[in-house]
Amino acid sequence: MSMLSRRDVIATAGVAAAFGLSSRLAFVAPAQAQKTPAPAKPFVTYKVGTFDCTAVYDGIWEKPHDPAFFKNANVDEVKSALKAAGQTDEFVPIPFTPLVVNTGRDVVLFDAGTGGQVQPTAGKLAENMKAAGIDPAAITKVMISHFHPDHIFGLMEKGSNAQVYPNAEIVVSAAEYKFWTDPAVIEKLPEARRPLAQRIQATFPNWKNVRQVDGEAEVAPGIRSVAAPGHTPGHIAFHLSSGNAQMIYSGDTFYQPALSLKTPQWHGAFDQDGAVAETSRRALADRIVADKVMVSGYHFPWPGAGALAKDGAGYALTPAKA
Ligand SMILES: [Zn+2]
C-alpha cells in the first residue's frame, strides 16, 4: 500500500468499483508480485483479410477469488471453470490485450490499455507497441468499447490527464458517453465509482477529437460498431471486415471467456446489468458462430483471439496460438 500514491489508490478504488468490488477490498488488497510470466514476445501479429492485426500485451490482473464475483456461481465453480479452460485456478487471470489494426487506410487501436494506472502488473502497452514497431503518433483512430478504467486510462496521462493520442479520433458509444458524463450520475453511483465518473467528466467533454456513435455505424472503412450493452450501459463491440475475412472485437462482452462463454447465464459483478449483459453475450456469440468469424476479446487468454463454437447450452473458445 505504501508504494501506491494517492492517485493510484483512487484509480485502484475506481477499477475495483467498476468491477463491482467494494472499495474496502480495493484498499486492503496488497500489491503482489506477478505470478503469470509475461509473453516472451509481447506482441503477436495476424491477418484478417488484408488487415494487419497486432495484439499488444499491456499486462494482467491476477484477481484474487471473491465469493461476490458472481451472483449465481461460487468460488469452487469458478475454479473448476478456469481449470476446464486450461487456466490457473489460483486466481482469476484477467489479461489486458489492446489490439492494433492497420487497415491500409487507418491505424486503429482497440481499447487504450490501463496507462499503468489500474494494476501494478499492467501498463506495458507503450513499450510493447514500440517493440512491435508501432508509432503511437501513427494511430489515426482509437475505438473504445466502454469507459471502465482498464480500457480508457491509457488515453490519459497520469497526473495531468493530457491526451495520449491527441491526433487520433476517439470513437465511443453515444450511450456510454451520455451515461458517464451526466453530472447527475455522480451521486447515483456507489462512492467508490465516483472518481471514475469524475475523471471522465474532467477529460472527454474537453476533447475535440471524440466521435460518438450509435448502433451499427461505420467507424472506419471496413469497421462497424456493434451494440452489446450490459457490461456497461453503452458497451459496444466492433465488426471488422476485409474481403471475405471478418472478425468481431468483442471488448468485454465475454469478459473472461472461461467464465462467461461456457456458462453465459452466470451473472458477474463486473457486469453492471447482468440480464442485459447475458442477452448481449448470447446474441453476439450466436452471430459469431453463425457467421463463422474470428473473435477477439480484451481479456481473452493471450494473444486475445480465437474461434467460437456452440458447446451445450454455452459456447467454447479455441484460443489462437501465440
Ligand atoms: Zn475490461
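This is a predicted model, so every value here is computed, not measured. In each ligand, atom 1 is the first atom listed, and ligand 1 is the first ligand listed.
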Look at the rings of [X] and [Y] and say which category their plane angle falls in: under 30° parallel, 30 to 60° tilted, over 60° perpendicular.
{"X": "Tyr298", "Y": "His151", "value": "tilted"}
{"X": "His299", "Y": "Phe96", "value": "perpendicular"}
{"X": "His231", "Y": "His148", "value": "perpendicular"}

For this session: Have a look at Asp252 and say which of its N, O or S atoms is nearest the Zn ion (ligand 1).
Result: OD2

Problem set entry | Nearest to the Zn ion (ligand 1) - the N/O/S atom of Asp150, by atom name | OD2

Exercise. Are side-chain heavy atoms of Trp61 and Pro95 found at a separation under 4.5 Å?
Worked result: no

For this session: Could you tell me the angle subtended at the Zn ion (ligand 1) by NE2 of His151 and NE2 of His299, rounded to 10°?
Result: 110°

